[in-house]
Amino acid sequence: MSSSKPEAAPAAAAKEYRYNPAEIEPRWQERWAAQPDLYATEPASSEKPKYYVLEMLPYPSGQLHMGHVRNYSIGDALARYMWMQGYNVLHPMGWDAFGLPAENAALKNNTPPREWTLSNIAAMKRQMLRIGFSYDWRNEVTTCLPDYYRWNQWFFIRMFEKGLAYRKKSKVNWCPECATVLANEQVVNGRCWRHEDTIVEQRDLEQWFLRITNYAQELLDDLQKLDGWPEKVRTMQRNWIGRSEGAEVEFAVEDDTSVPEDERSQRRKGTTVLPAREDAKTAGKITVFTTRIDTIFGATSIQLAPEHPLVKEFAASDSNLADEVNTLLTQQKKAREAGGLGEIEKHGVFTGHYAINPFNGERLPIWVANYILAEYGTGAIMSVPAHDERDYDFAKKYGLEIRVVILPSRNGEPNTNGEEENLLPFTDEQSLLINSGEFNTLGCKEAQQKMAAFAQEKGFGKATIIFRLKDWGVSRQRYWGTPIPMLYCEKDGIVPVPDDQLPVLLPDNIEITQQGGSPLGKLAEFVNTKCPKCGAPARRETDTMDTFVDSSWYFYRYTSAKYDKGPFDTATAAYWFPIDQYIGGVEHAILHLIYSRFWTKVMRDLGLIKNDEPVTRLFTQGMVIKNGAKMSKSKGNVVSPDDMVARYGADATRMYALFAAPPDRDLDWQEDGVAGVSRFLGKVYRFVMKHAEAARSVTNTDTNAADAASQALLRKLHQTIGKITEDFAGRWHFNTCIAAIMELVNTLTAAEEELTSGRVPAGVLKTLLENLVLLLAPFAPYLAAELWQELGKEQSILRTPWPKYDEALAREDEIEIPVQVNGKLRTVVKVAAGTDQDALREAVKSDAKVQAAVAGKETVKVIVVPGKLVNIVVK
RNA sequence: GCCCGGAUGGCGAAAUCGGCAGACGCAGCGGACUUAAAAUCCGCAGACCCGCGAGGGUUGUGGGGGUUCAAGUCCCCCUCCGGGCACCA
């Protein structure tokens, strides 16, 4: 084909077509803007199956970044594809518009947060419209507007009524930079998730909490149902919830005023267990949590967290101890600041007191240790050095007793051949108990049950389950958030704002300062109100809600964004939910996605919805990387979407975002790659434009062409259709989908001569062009719309059915079979598709190259895999 | 320390079920068109070696071992990179 002489090119083809996205795209953007119904959903009565595709809503920082572009390009391709597949698609967008940056901007530029936020939204919406994402803007949700946050307040009151929202004084994570409280989830390695350099402090504050722990078990159990979620995310949530089965056991504290004289000296060091004493008096008790109650006869000390209340008591009368405990506390604090308690060198101090093991009456020294967490379990443990690594380390360091109470089972007997020293610490639960009184010879698992039951029967303990998950602290001492709709009346105490007085509007006339405390507290006209119950003067709550409240249910609001009789129209939500596909960054794997699941369960229990889970399928896309690092201002490697769009067009930019890597992997942004995609789009444009007139003028799309060229082209077309259709259904490797379209275009342009000469029937040409444009539509919507029109089509391409894959047309009739000799490729033979084993063997045998390769050697074996290869093994 | 990813040409990547490694694209090189350039089109291209050439040989998917007629793909061990968790009793 390349040998065609220059004069063979027809003079008529002289017309040059130049692909100019800067002209095409704004023209279509304008046209689309004039059609508000373009991306509209059909009502629930629609015949079509529904499909809810959702991308995580952005925080309106003012600038779309490449991560957004990637996220939204994936969702947009899917939405467009589903439309073409005949689904009733809901594809909405909104703004996670409350949050701290607005206040920081206010401080810096003296712009009111509201104004700043709304103008950022306008700017980002402009960017989204320019890129051409298929959002139905009539469902737009902006969380900082009263018609949205009003329902945050409504939900809060419902939760308060159900006891799910409560107030408690607690140690909270305080970020001095944010001047506010952070949820546990927002503390990363002891630092603020927004300020990597800022160490989070602990403060005592009255806070509002949501009782997410009520749902801990269900949140855990239902993870099993979420088989459309990445396993990684499910594992992270499972770990976060942190369910732990074990037992609580009460150890009575010995009243040491009654201690016999002869023990005094022995008691000083606290390294040994003292024997049971019949007449021991007690003063108070310590509850420990353990998952290994079966090893309780091996307990040789009690370890308390430095913040344990009993420690304070002990220290009150012992200034030495007080000093030592302070040191331990400082160590913990330092370790937390350094990035976690994980590597802390274990230190401890003996309190001088003893606690009584309820199982055998033995008296165990009570220590305080820096590796015990006050916030987990009961802040106290029984230390079993022989069967716990941490306790073992500690006991070795301080010379505490080590007592073996379980051993491996050999032939059903605990093995005692004297090797236990080498085994320590020995933690395997496939073991048998020894030195454990009446529980001897039981297996660990069985012993755990029996001993917990025993403890319960005797009233000093019980089997219990604890969770790492803590209740969700939602109070923020900030201005730019949803006001918590609560009042404090001297007579009636805490009173919710009546529903008919919602929303509690966030006042505009406020001065943002850097000082601590809630800004709303300084606004007398906001704070001072009347109690709705008794009419007496009352104070409003001045804290606002964590912004994760906003994003916990926003996707329900999308289904009826203008609804004003409730947070959403329940019938419409019932139709659309659960979300069929949610797409976003993995950084929200625990925070947003666990709160959202919690909120859904609460809404279900309020009777608003029927679904237990909000999201059927979740997809987490990879990061956008430039020069080996995540794009960030501090690294100076940020690529602006506006720049890319201005230079190469929106189609090229978003298509590159899909082409450069599969969507779940990190994507390395290379501008030359965008240029390449843009060149490809230009090639498509020129190709289609060149033949558009010819295609327009034919009415038939008859593809029953006998000629080989047509068949080859149609074959390639259908192979491409098949590949892309299959990928959308599951694998989502849009990079190879786009590569397949490129191959198709390469095949088509290589057949230029056949197409222009009229050897390929007009009906085939028309089919090829139309299908090519349809295949492009999810990835390059502007160009597809333009070319669709050039092909004489009036109907929106979005409402045109996706091409139907025809397997018969896609099938190859002749295939190449690689032939190996001893596993090395020697030649390739062409045979008819479907050639069976024997025929294939014969065909290979008669091949000259094969004969040369096996000449003079003994054929040991011939492996023939029809349709795949032939391998001849020779000696 | 534990749990997930990942490692393939100069670069981004492909190879979906164990069957021709490197599709597609970028960068590169050669050529056509042009006064020239841009744009476009055609061709070459993993590395090394032999050959003027057509061509041929060797080697090659982070490293080592294994299974198999056949391994990027399966099994065992190890290294490095990214992410998550981390004294959770």
Side-chain angles (χ1 to χ4, degrees), chain A residues 1-4 6 9 16 18-19 189 230-233 235-236 239-240 242-244 246 288-292 303 335 339-344 346 369-373 375-384 388-391 393-394 466-468 586-587 589-590 622-623 625 628 630 656 659-662 664-677 679-680 682-683 686 723 726-727 730-731 733 735-743 745-746 749-750 752 816-828 860-865 867-874:
Chain A
M1 271 169 270
S2 56
S3 63
S4 62
E16 285 285 326
R18 216 172 70 79
Y19 171 55
N189 286 341
E231 191 49 53
K232 179 189 165 106
V233 173
T235 306
M236 284 166 75
N239 292 340
W240 191 263
R243 183 183 195 271
S244 196
V288 305
F289 174 78
T290 176
T291 54
R292 294 301 304 272
Q303 301 287 342
L341 225 45
E343 302 296 318
I344 196 171
K346 288 184 180 59
N370 63 357
Y371 72 97
I372 308 301
L373 306 168
E375 61 277 11
Y376 185 78
T378 57
I381 64 151
M382 62 177 203
S383 176
V384 186
D388 182 285
E389 270 180 54
R390 298 152 299 181
D391 296 344
D393 290 349
F394 190 84
I466 63 168
F467 291 92
R468 205 186 85 119
V586 72
E587 63 273 22
I590 28 189
M623 286 188 299
I625 301 278
K630 188 181 172 172
Y656 174 75
F659 177 64
D664 54 326
R665 292 248 294 262
D666 286 352
L667 181 154
D668 191 280
W669 194 271
Q670 297 187 354
E671 193 172 327
D672 287 340
V674 190
V677 171
R679 266 200 294 276
F680 165 70
K683 190 172 176 177
R686 284 187 302 276
K723 193 251 175 312
E726 192 189 331
D727 245 295
R731 213 172 61 128
H733 278 201
N735 55 331
T736 57
C737 289
I738 293 165
I741 299 175
M742 288 173 170
E743 278 189 60
V745 171
N746 289 345
T749 52
E752 196 62 66
E816 293 189 331
I817 300 289
V819 182
Q820 300 177 334
V821 175
N822 285 347
K824 281 187 182 157
L825 184 71
R826 287 304 160 199
T827 188
V828 174
V860 180
K861 197 177 187 183
V862 182
I863 284 114
V864 184
V865 188
K868 291 281 190 192
L869 64 27
V870 176
N871 189 8
I872 303 165
V873 187
V874 297

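All chains are named by letter (A, B, ...) in the order of the sequence lines, taking the proteins before the strands, and each is independently numbered beginning at 1. FYI, side chains are in, hydrogens and waters are out, and symmetry mates aren't considered; it's all heavy atoms of this structure.
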Distance, [atom1] atom - from [M] to [N], rounded to whole angstrom:
N      : M      : atom1 : value
G28(B) : C81(B) : C1'   : 28 Å
C29(B) : A38(B) : P     : 12 Å
G72(B) : A21(B) : P     : 8 Å
G19(B) : U73(B) : C1'   : 11 Å
G66(B) : C42(B) : C1'   : 48 Å
U8(B)  : G46(B) : C1'   : 10 Å
C69(B) : C50(B) : P     : 36 Å
G60(B) : C2(B)  : C1'   : 35 Å

Is the phosphate of [N], meaning OP1 or OP2, less than 4.0 Å from a side-chain N or O of [X]?
X         : N      : result
Asn746(A) : A23(B) : no
Arg679(A) : A27(B) : yes
Arg686(A) : A39(B) : no

Starting at [atom1] of [X] and ending at [atom2] of [N], how long is that distance when rounded to a whole Å?
X         : N      : atom1 : atom2 : result
Leu825(A) : U58(B) : CG    : P     : 12 Å
Glu389(A) : C2(B)  : CD    : P     : 10 Å
Asn822(A) : U68(B) : CG    : P     : 16 Å
Lys346(A) : A89(B) : NZ    : P     : 14 Å
Ile738(A) : A14(B) : CD1   : P     : 12 Å
Asp727(A) : U16(B) : CG    : P     : 12 Å
Met236(A) : A86(B) : CE    : P     : 10 Å
Glu375(A) : A89(B) : CD    : P     : 13 Å

### Message
My understanding is that a pair needs two contacts under 3.5 Å, Watson-Crick or G-U wobble. By that rule, which nucleotide pairs with C2(B)?
### Response
G84(B)
### Query
Should A7(B) form a Watson-Crick or G-U wobble pair with both distances under 3.5 Å, which nucleotide is its partner?
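Check on A7(B): paired to U79(B), both distances under 3.5 Å.
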### Query
Does Lys346(A) make a cation-pi contact with Tyr371(A) (under 6.0 Å, within 45 degrees of the axis)?
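Yes - Lys346(A) lies over the ring of Tyr371(A), closer than 6.0 Å to its centre and within 45° of its axis.
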Candidates [options] - which lies nearest the side chain of [X]:
X         : options                : answer
Leu869(A) : G19(B), C41(B), U16(B) : G19(B)
Glu743(A) : A15(B), A23(B), C11(B) : A23(B)
Met742(A) : G25(B), U40(B), C69(B) : G25(B)
Leu373(A) : C69(B), U59(B), A89(B) : A89(B)
Ala739(A) : A89(B), C20(B), C24(B) : C24(B)
Tyr376(A) : A13(B), C69(B), A89(B) : A89(B)
Ile863(A) : U16(B), G19(B), A89(B) : G19(B)
Asp672(A) : A27(B), A89(B), A23(B) : A27(B)
Lys824(A) : A89(B), U59(B), A86(B) : U59(B)
Lys723(A) : A23(B), C69(B), U16(B) : U16(B)

Classify the nucleic acid contact of [X] as base, sugar-phosphate or nothing, counting any heavy atom under 4.0 Å across all strands shown.
X         : result
Gly242(A) : nothing
Arg826(A) : sugar-phosphate
Glu726(A) : base
Glu231(A) : nothing
Phe680(A) : nothing
Asn735(A) : sugar-phosphate
Val873(A) : sugar-phosphate

### Task
Find which nucleotide of RNA chain B each of Asp668(A) and Ser244(A) is nearest to by heavy atoms, and output the residue with the more 5' nucleotide.
Asp668(A)
### Residue whose closest nucleotide on RNA chain B lies nearer the 5' end, Asn871(A) versus Arg18(A)
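By nearest-heavy-atom nucleotide position, the 5'-most residue is Arg18(A).
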### Query
Are the side chains of Lys683(A) and Val745(A) in touch, meaning some heavy atoms are under 4.5 Å apart?
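Touching, per the 4.5 Å side-chain cut-off.
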### Query
When syn is taken as a glycosidic angle within 90 degrees of 0, is G5(B) syn or anti?
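Chi for G5(B) falls in the anti range.
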#### Entry: Chi class for C17(B): syn within 90° of 0, otherwise anti
syn
Donor-acceptor pair, side chain of [X] and main chain of [Y], under 3.5 angstrom:
X         : Y         : answer
Asp391(A) : Val384(A) : yes
Asp727(A) : His733(A) : yes
Asn871(A) : Gly823(A) : yes

### Pair of N/O donor and acceptor under 3.5 Å linking C3(B) base with Lys232(A) side chain
no
### Query
Take atom CD in Glu587(A); do more than 12 heavy atoms of anything else shown fall under 6.0 Å from it?
yes
### Query
Knowing that exactly one of Asp666(A), Leu667(A), Asp668(A) qualifies, which makes a side-chain contact (heavy atoms from CB on, under 4.5 Å) with Met623(A)?
Asp666(A)
### Over all atoms of both residues, closest heavy-atom pair of Arg686(A) and Arg679(A)
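Arg686(A) and Arg679(A) have their closest heavy atoms at NH2-O, 4.5 Å.
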### Query
Between atom NZ of Lys861(A) and atom CG of Asn822(A), what is the distance when rounded to the nearest 0.5 Å?
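It comes to 11.5 Å.
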